[in-house]
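One structure is given below, encoded as structure tokens.
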Amino acid sequence: MATSRVIERRILKQYFVFSLLFCVLALLSPAESSKSSVTLLKEVNLEGPYIGLIPVYPPEEDAFFATGAFRPHKKHPYVDLSGRRFRVGKIDRKKVIYVRCGVGMVNAAAATQQLLDLFDVVGVVHFGIAGSMNNSMSIGDVTIPRQFAQTGLWDWLKPNATIPTGDVAELDFGTYNEPSGGYNQLGLISYSPDQFFSKTGKPNTPQRKLWFQTSKNWLELAFTHLNGMELERCVNSSLCLPQRPKLVVGLNGSTANIFVDNAAYREFLYTTFHVSSVDMESVAVVMTSLSNGFPVIVIRGLSDLAGAQEGQNSIDLFGPLAASNAARVVVQFVNTL
Ligand SMILES: *[C@@H]1O[C@H](CO)[C@@H](O)[C@H](O)[C@H]1NC(C)=O
Ligand SMILES: *[C@@H]1O[C@H](CO)[C@@H](O)[C@H](O)[C@H]1NC(C)=O
Ligand SMILES: *[C@@H]1O[C@H](CO)[C@@H](O)[C@H](O)[C@H]1NC(C)=O
Ligand SMILES: *[C@@H]1O[C@H](CO)[C@@H](O)[C@H](O)[C@H]1NC(C)=O
């Protein structure tokens, strides 16, 4: 009897400890924090609409904050969702929501979809740095492309395979052998168009598409108001570019989950797709925005020559300058909206 009462008391005590623990855990649980996110989202959206800003990685973020143009909202400066921080604030009198998406197309698409689904936004301004593919474009220049090709959807085939119908280009590794000739076991890769789902298209019926256009109105706005804009030439007092960088509107860009630092592949992309820049996110942001029916523009500063340079890639040296020039253009563009 006595033993069972002791056991009972012990169980009760354990129960008490467990319930206490449960309460503490409940306070910290995702259910609770997402509930407060919902309330926060409501508050934030009541003050909308906003312009969505999406950079990729910390150096681009640093450059953006360094412009001094962004002022965080006093009451609710940010909302954290799925591990990303959506910052709420203003550039001059324009309301903006800002989120750093992270490297690669999955991160870019996920962050864009979340921004469009959860916040009251009118469109997306995507920005950052990129590699230059075009010999008439220099490090430090800023490109606002007209369209992007998805150059990362491949069929990797045997050396003498036939290219699947619908594919748009092929890269035959054998033709890059040095000395030339012989057999290359890597065979060839053939480039497929992407599958584009759109709210204006037939449901569940994606369109096969290689090129994704940024918004014509916004591109024209950029062309009219930003053309000839002064850009920064120097990293610091001792490191400057040989000429003043320029802003070019209307070129082609390419995106894949590949960091390109290879002269032969750079040349292949340029001659095959006529693309002037290469990056790892833009097409995903553009495609996701278009699927959902939102305007989108991409502003990228050129940080390196994607492999055409002698020696080391210049991204470490000129990345901050390229990011800073892109960020200045972003601020200027937002002000013209
Ligand atoms: C390369 O860049 C220049 C601008 O600097 C542009 O005029 C030209 O059309 C670009 N070439 C291609 C193939 O896009
Ligand atoms: C494909 O290439 C290999 C190596 O050159 C050759 O042995 C084979 O006969 C080729 N097959 C076809 C179907 O052409
Ligand atoms: C300028 O930047 C370069 C590259 O980051 C650095 O090596 C150099 O020391 C800097 N010079 C000055 C004066 O800050
Ligand atoms: C962009 O790509 C398209 C399709 O390959 C091509 O027709 C066009 O000339 C390119 N634009 C530039 C500026 O090179």
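Only this structure's heavy atoms are used, side chains among them; waters, hydrogens and symmetry mates stay out. Predicted, not measured: the structure shown is a model, and the values here were computed from it.
Side-chain contact between S190 and L171 is absent, with no heavy-atom pair separated by less than 4.5 Å. Taking the side chain as every heavy atom from C-beta outward, R233 and P245 approach each other to under 4.5 Å. Side-chain contact between Y50 and F119 is absent, with no heavy atoms from C-beta onward closer than 4.5 Å. In this structure the side chain of D261 reaches within 4.5 angstrom of the side chain of Q309, judged on heavy atoms. Taking the side chain as every heavy atom from C-beta outward, V235 and P320 never approach each other to under 4.5 Å. Inter-residue side-chain proximity for L337 and W218 is flagged as met; some heavy-atom pair is nearer than 4.5 Å. V298 is not listed as a side-chain neighbour of V285, based on a closest heavy-atom distance of 4.5 Å or more. Side-chain contact check for V329 versus F127: every heavy-atom pair is 4.5 Å or farther apart.
Under the 4.5 Å side-chain heavy-atom criterion for grouping Ile, Leu, Val, Met, Phe, Trp and Tyr, I299 is not connected to L290 through any hydrophobic cluster. In terms of hydrophobic clustering, with Ile, Leu, Val, Met, Phe, Trp and Tyr side chains grouped at heavy-atom distances under 4.5 Å, L116 and F212 are assigned to a common cluster. The hydrophobic cluster containing I258 also contains V278, counting ILVMFWY residues as joined when their side-chain heavy atoms lie under 4.5 angstrom apart, directly or transitively. Neither F196 nor V168 shares a network with the other; the hydrophobic side chains, linked directly or stepwise wherever heavy atoms of I, L, V, M, F, W or Y lie under 4.5 Å apart, form separate groups for each. Taken together through direct or relayed side-chain contacts under 4.5 Å among Ile, Leu, Val, Met, Phe, Trp and Tyr, V330 and F70 form part of one hydrophobic cluster.
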Throw together a table of side-chain donor-acceptor distances under 3.5 angstrom for residues 104-111, partners on residues two or more places apart or in other chains.
from, atom 1, to, atom 2, distance (Å)
N107, OD1, R84, NH2, 3.0
N107, ND2, V103, O, 2.9

Under 3.5 Å, sequence neighbours excluded: what are the donor-acceptor pairs made by side chains of residues 142-149?
from, atom 1, to, atom 2, distance (Å)
Q147, OE1, Q213, NE2, 2.5
Q147, NE2, N252, OD1, 3.0

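Using modelled atom types, no side-chain atom of S215 and backbone atom of N217 make a donor-acceptor pair closer than 3.5 Å. Listed for the D304 side chain is a donor-acceptor partner under 3.5 Å among the backbone atoms of A306. Under a 3.5 Å cut-off, the side chain of R266 and the backbone N or O of V260 do not form any donor-acceptor pair. In this structure, the side chain of T214 does not engage the main chain of V296 through any donor-acceptor pair within 3.5 Å. With hydrogens and angles ignored, the 3.5 Å screen pairs a side-chain donor or acceptor of W156 with a backbone N or O of L186. When atom types are taken as modelled, the side chain of R85 and the backbone of V79 share no donor-acceptor pair closer than 3.5 angstrom. Side-chain N or O atoms of K94 include none that pairs as donor or acceptor with a backbone N or O of I51 at under 3.5 Å. E60 contributes a side-chain N or O that, together with a main-chain N or O of Y57, makes up a donor-acceptor pair within less than 3.5 Å. Formation of a donor-acceptor pair under 3.5 Å by the D141 side chain with backbone atoms of L302 is not found in this model. Distance alone, capped at 3.5 Å, is enough to place a donor-acceptor pair between the N325 side chain and the E232 backbone.
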Just do the side-chain contact (heavy atoms from CB on, under 4.5 Å) check on V44 and F86 with the steps written out, would you?
CA-CA 11 Å; V44 168; F86 292 74; over 6 Å; no
side-chain contact (heavy atoms from CB on, under 4.5 Å) between R100 and R87, worked out
CA-CA 9 Å; R100 165 156 59 81; R87 297 176 192 274; 5.8 Å; no
In sequence, state the C-alpha distance, the side-chain angles, and the governing distance for L53 and I91, and then conclude on side-chain contact (heavy atoms from CB on, under 4.5 Å).
CA-CA 11 Å; L53 303 180; I91 290 179; 3.9 Å; yes
Test ring pair (Phe, Tyr, Trp, His ring centres under 6.0 Å) applied to F65 and Y98, step by step
CA-CA 11 Å; F65 289 132; Y98 162 106; 5.3 Å; yes
With side-chain contact (heavy atoms from CB on, under 4.5 Å) as the test, would you mind laying out the steps for M137 and L251 before giving the verdict?
CA-CA 11 Å; M137 297 291 285; L251 300 178; 3.8 Å; yes
Show, in sequence, the C-alpha distance, side-chain angles and deciding distance for F268 and Y191, and conclude whether the ring pair (Phe, Tyr, Trp, His ring centres under 6.0 Å) test is met.
CA-CA 12 Å; F268 168 83; Y191 289 73; 5.7 Å; yes
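If you take OG on S277 and CD1 on I129, they are separated by 12.0 Å, rounding to the nearest 0.5 Å. Summarising the geometry, atom CD belonging to E281 is positioned 7.5 Å from atom OG1 belonging to T255; distances are rounded to the nearest 0.5 Å. For the atom pair OG1 of T205 and CD of Q195, the computed distance is 10.5 Å after rounding to the nearest 0.5 Å. Put simply, CG on L321 and CG on L241 are 5.5 Å apart, with the number rounded to the nearest 0.5 Å. Atom CE in M229 sits 7.5 Å away from atom CG in L247 (nearest 0.5 Å). Here the CG-OG1 distance, from D194 to T151, works out to 10.5 Å after rounding to the nearest 0.5 Å.
Within 6.0 Å of OH on Y78 lie no more than 12 heavy atoms contributed by other residues, nucleotides or ligands. Remark: Q185 CD is loosely packed, at most 12 non-hydrogen atoms of other residues, nucleotides or ligands lying under 6.0 Å away. Residue-environment remark: CZ (F223) stays at or below the threshold of 12 foreign heavy atoms within 6.0 Å.
Sorted by first and then second residue, the ring pair (Phe, Tyr, Trp, His ring centres under 6.0 Å) pairs involving residues 285-328 (not counting sequence neighbours) form an empty list. Every pair passing disulfide (SG to SG under 2.5 Å) that includes a residue from residues 147-258 is listed here, sequence neighbours excluded: C234-C240.
Side-chain atoms of R300 and H126 include a donor-acceptor pair closer than 3.5 Å. D80 and S37 share no side-chain donor-acceptor pair at under 3.5 Å. Using modelled atom types, one finds a donor on one side chain and an acceptor on the other under 3.5 Å when comparing Q114 with S82. Between S282 and D279, the side chains place a donor N or O and an acceptor N or O closer than 3.5 Å (distance only, hydrogens not considered).
Across all non-hydrogen atoms, the minimal contact from A326 to G128 is CB-O, 3.5 Å. Summarising the geometry of R71 relative to D92, their closest heavy-atom pair is NH2-O, 2.6 Å, with the distance given to 0.1 Å. Between G253 and W211, the closest heavy-atom pair is O-CZ3, 3.9 Å. The two atoms that bring S303 and G319 nearest to each other are CB-CA, 3.8 Å, heavy atoms only. When all heavy atoms of A222 and I297 are compared, the closest pair comes out as CB-CD1, 4.1 Å. In this structure, N134 and S276 approach most closely via the heavy-atom pair ND2-OG, 3.0 Å.
L157 belongs to a hydrophobic cluster with I163, L188, counting contacts under 4.5 Å between side-chain heavy atoms of Ile, Leu, Val, Met, Phe, Trp and Tyr, direct or through other members.
Salt bridge annotation for K95-E47: absent, with no cationic side-chain nitrogen under 4.0 angstrom from a carboxylate oxygen.
Taking the side-chain hydrogen bond (donor to acceptor under 3.5 Å, both in side chains) definition, one finds that N204 meets it with nothing, sequence neighbours left out.
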